[in-house]
Amino acid sequence: MLEGKYNFKEVENKWQKYWQEKGIYSYKENSNKPTFSIDTPPPTVSGELHIGHIYGFSQADMYARYQRMLGKNLYYPLGFDNNGLPTELLVEKKKNIRAYTIPREEFTAIALDLVSSYNQSYRDMMIHTGMSCDLNLGYNTIDERSQKTSQKSFIDLAKRNIAYRDDKPSPWCCKCRTSVASAELEDKDMESVFNYLNFRLADGSGTIPIATTRPEFLPACVAIFVNPEDDRYKQYVGKMVKVPLFEDIEVKVLTDDKVGIDKGTGIVMCCTFGDQTDVEWWKEYGLPFKQAIDDGGRMTEIAGKYAGMKIVDARKAIIEDLKKEGYIYKQDAIVHSVKVHERCEEGIEFLAKKQWFIRTSTPELKQKWIELGNQLNWHPESMKARYIAWVNNLNQDWSISRQRYFGVPFPVWYCKKCGKPHFANIEDLPVNPLSSQYKGKCECGGEEFEPETDIMDTWATSSVTPQINCNWAENEEECAKKMPMDMRFCGRDIITTWSLRTIIKAYYHQNCLPWKDLMVNGWVMADKGVKISKRFANSKMGLNDLLDNYGADVIRYWCANGAYGRDVLLSDDGVKDGYKLINKIWNASKFVLSFLQDYIPAKPNKILPMDMYIMHKFNLAYYATIKCYEDVEVGYAKAEIEKFFWDFCDNYIEIAKNRLYKPEIYGEEAKISAQWACYNVLLGILKLFSITLPHITEEIYQDYFAKYEKDESIHLSLLKPIDLDKNDNIIECGDEVEDIVSKIRQFKSENKISMKTQIDSLEITSQNADFIKSVDYDIKAVGGIQNIIINSGENNLKFGNIILDENN
RNA sequence: GGGAGUUUAGCUCAGUUGGUAGAGCACCUGCCUUACAAGCAGAUGGUCAUAGGUUCGAGUCCUAUAACUCCCACCA
């Protein structure tokens, strides 16, 4: 029997253990139930989980629980993304080491060790927040199965010439010492200086003005551009110009309409490579290649006396010298936005290095991605527009190689003689080319091979999670049967990366969609415009504190907030809201069940009108709630059942309790009727609430209902409406009774008297006089009315005298 | 510059196919009522960002404008 105050800590802990021990959420391999498979996004192991993760996960978990309670067998794994740069950076930070300074095996060992302790804490947190994934189905993106899948994917694509190797210039982070994909870049406003330089014409006939923020690129200057329409500079086109400080370099003045006439001086220097435009010009005009900056962000040999300096130091020194030599005629301080690497916020450079790319950006392919995007069910629908817009703007192939250490190696060796790549056998995967040899000969006769030292970007693995889940690496037939998976959820920030790339891989490998439905959740904002992130992990709003102060059910209640896909502002007040509901559920259940202790549920011969009414009203709420879940609107669903629940407490229980308390007055039959209604409605409410609030509902279910309902857990029970005969007017009539009760309360409130104060008479005129007559005992009891007179006619109430208690 | 989103009560947000503006919180007035004062009952509060248009009728549809947010492009 439920007693005392609700102790969420004890209760949540108890059932979390029970669910794990009993395997309540386990996937049943040989079940005859239909499977519902979820491609859970493996959270990136890069620090602490925060409320932002839980927000997206718990909303998806609610949809998963809904599917489970429709009788489906859930394939609902929880993987972890723990390879690649984010994890490597975490290891470097936590262990205070730099990956490139120690042997790779050593670093990997340290990383694996750290990763496993983080996995454990992530898993625990998922359990503590009431997630219903099957932890036995998990994977790590660094484990053997994932590596095998990623490598197989790579070999498959490379052999079909969909993956290719090229040394086209691509974004490079000098701090992380690796190439990065353009999708991993962010804009950041930086203070800088616009330097106006006079370049001298080679024929000594004068100077031309050029403005630059990056004078350290002068040694890599390969051309000068003006706009062909710019009359000011027409006479210089085709002339040679000496590069300041590097006078023996002479470059030609060319024209291109990408040059903005009113930007800077209207004359641009093209260097290899200051930015994306330089790359394009270099390609288009076949300009020479000069590398001024190395992997680590230092000046190269060609920078002469500046060689070896860091970029910023070289810039300072060069500006000094330019001033000394009289090249600078003006300097303007500006703030401009520059591309930075999202992981470390360091400005990126463009370096030409051999990288592996996957073809994604031809017009035909883009058309395909859009077609596939249109076949996918997006929740909410509006998120599709972001995807389509992104695909339309795709202009670069996807670079997948990274010059880092902790990740999936490329299973490839290059012939030392001709450079041709040779791939590992699929059966041998996973393979690390650094620790194994290529066994074979090259067509050119070469017998010596060089292993690839790069690793794959984390996205190259994260984009094959459906294939990992569906066992593609081991059994292609099984995978073909299982794909597309039913559902995937992710944050709106990774529509462009994770979703698109997973769609691309599924298309290339299985020629189908990776999933049927995609749920895209919004962000938790710490403040207007500030996304919550790991920085907030240890704040008052950190997960541990929230769990400690409020418990998982309250947090989940908060997560089921409003329209799906919207951002939400985190505030203490907002989180508190759920506490009230939990408390109410506890008290109402405790109260109702106290009248059901000696009751054995069975349909009674006679069901009283208001009892019939509340069951019909529950069914209405039931269907409304189900409709919301069908629409993947977990917040609306919660709101629907919650609305009904408060109505049930404040109106129905108030009516029923008189009959439950006093069978000697109202009769045993009236009590049994109310018990039947209470049993069914409370059970129904708990089941629907169990999706949002898995702990308190399980506690109440196990305390009372389990012995009759026989399900091992409320979470394995089936959602269903109460079995009732059709009854057309019951809702209208019952609502009118509630309305009359409400008016009685209003009357008492206006007269500032207690609700229990008696009124000697009430004259009710109603269009449903017969129904009102049939429940007059309920109205009398709940309203404290001594005599009721009921007439047929236009709805109206006439109150008699208030009977004042002389003791007051 | 291109695209997407947002703008409704003091705050956080709902508002389906056009038909009398809603909830929770806060505030105010009452109520110890044999589950719950973390409760109950009731009241106050809105030119639905602005300006036009379509319509018998617009928070909702159309056009324009403004502010904020995000994505992309540009950032010499």
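Within every chain, numbering begins at 1; the chains are lettered A, B, ... in the order of the sequence lines, protein sequences first and strands thereafter.
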Stems involving RNA chain B, each a run of at least 3 consecutive Watson-Crick or G-U pairs under 3.5 Å
B:1-7 with B:66-72, B:10-13 with B:22-25, B:28-31 with B:39-42, B:49-53 with B:61-65

Under a 4.0 Å N-O cut-off, is there an ion pair linking [X] with [Y]?
X	Y	value
A/Asp739	A/Lys743	yes
A/Glu216	A/Arg214	yes
A/Lys339	A/Asp275	no
A/Glu12	A/Lys9	no

Which part of the nucleic acid, if any, lies within contact of [X], taking any heavy atom under 4.0 Å across all strands shown: a base, the sugar-phosphate backbone alone, or nothing?
X	result
A/Asp650	sugar-phosphate
A/Lys743	nothing
A/Cys270	nothing
A/Glu750	nothing
A/Ala588	base
A/Phe225	nothing
A/Thr213	sugar-phosphate
A/Val259	base
A/Asn392	nothing
A/Gly274	nothing
A/Lys339	base
A/Thr277	sugar-phosphate

Nearest-angstrom distance from the residue atom [atom1] of [X] to [atom2] of [N]:
X	N	atom1	atom2	result
A/Lys584	B/rC40	NZ	C1'	7 Å
A/Lys638	B/rC13	NZ	P	13 Å
A/Ile785	B/rU33	CD1	C1'	15 Å
A/Tyr387	B/rG5	OH	C1'	20 Å
A/Tyr652	B/rC36	OH	C1'	19 Å
A/Leu394	B/rA73	CG	P	10 Å
A/Met755	B/rU33	CE	P	11 Å
A/Phe591	B/rC40	CZ	P	14 Å

Please tell me whether A/Phe644 and A/Tyr622 form a close aromatic pair, meaning their ring centres lie under 6.0 Å apart.
no

Passing option when A/Arg232 is tested against A/Ile261, A/Thr265, A/Ile267 for side chain to side chain contact (heavy atoms under 4.5 Å, CB included):
A/Ile261

[N] and [M]: how far apart are their [atom1] atoms, nearest whole angstrom?
N	M	atom1	result
B/rG46	B/rA21	C1'	8 Å
B/rU60	B/rA51	P	13 Å
B/rA14	B/rC25	C1'	14 Å
B/rG10	B/rU47	P	8 Å

Could you run down the sub-3.5 Å N/O contacts of the protein with nucleotides 14-25 of chain B?
{"from": "B/rA14", "atom 1": "OP1", "to": "A/Arg566", "atom 2": "NH1", "distance (Å)": "3.1"}
{"from": "B/rA14", "atom 1": "O3'", "to": "A/Tyr636", "atom 2": "OH", "distance (Å)": "2.9"}
{"from": "B/rG15", "atom 1": "OP1", "to": "A/Tyr636", "atom 2": "OH", "distance (Å)": "2.7"}
{"from": "B/rC25", "atom 1": "OP1", "to": "A/Lys580", "atom 2": "NZ", "distance (Å)": "2.0"}

Given B/rG42, is OP1 or OP2 found less than 4.0 Å from the side-chain N or O atoms of A/Ser742?
yes

OP1, OP2 of B/rA43 versus side-chain N and O of A/Gln746: anything below 4.0 Å?
yes

When the nearest nucleotide of RNA chain B is assigned to A/Asn587 and to A/Trp523 on a heavy-atom basis, which residue is associated with the more 5' position?
A/Asn587

Could you check A/Cys649 against A/Asp567 and say which one's nearest nucleotide on RNA chain B is further toward the 5' end?
A/Asp567

Quick check: are there more than 12 heavy atoms from other residues, nucleotides or ligands sitting under 6.0 Å from CD of A/Glu10?
no

Side chain of [X] only, please: which of [options] is the nearest?
X	options	result
A/Lys752	B/rG3, B/rU29, B/rU33	B/rU29
A/Asn583	B/rC36, B/rC32, B/rA4	B/rC36
A/Ser749	B/rC75, B/rA41, B/rC72	B/rA41
A/Trp390	B/rC72, B/rU29, B/rA73	B/rC72

Before you tell me yes or no, could you show the steps for A/Phe8 and A/Tyr6 under ring-ring contact (aromatic ring centres under 6.0 Å, His included), namely the whole-Å CA-CA distance, both residues' side-chain angles and the distance that decides it to 0.1 Å?
CA-CA 6 Å; A/Phe8 70 83; A/Tyr6 179 60; 7.1 Å; no

What are the two closest non-hydrogen atoms of A/Gln331 and A/Ile328, and how far apart are they?
CG-CG2, 3.8 Å

Parallel, tilted or perpendicular: which one describes the rings of A/Trp282 and A/Phe273, with boundaries at 30° and 60°?
perpendicular

Using a distance-only test with no angle check, is there a side-chain donor-acceptor pair under 3.5 angstrom linking A/Asp256 and A/Trp281?
yes

Quiz question: by atom type and distance under 3.5 Å, do the side chains of A/Asn227 and A/Lys258 form a donor-acceptor pair?
no

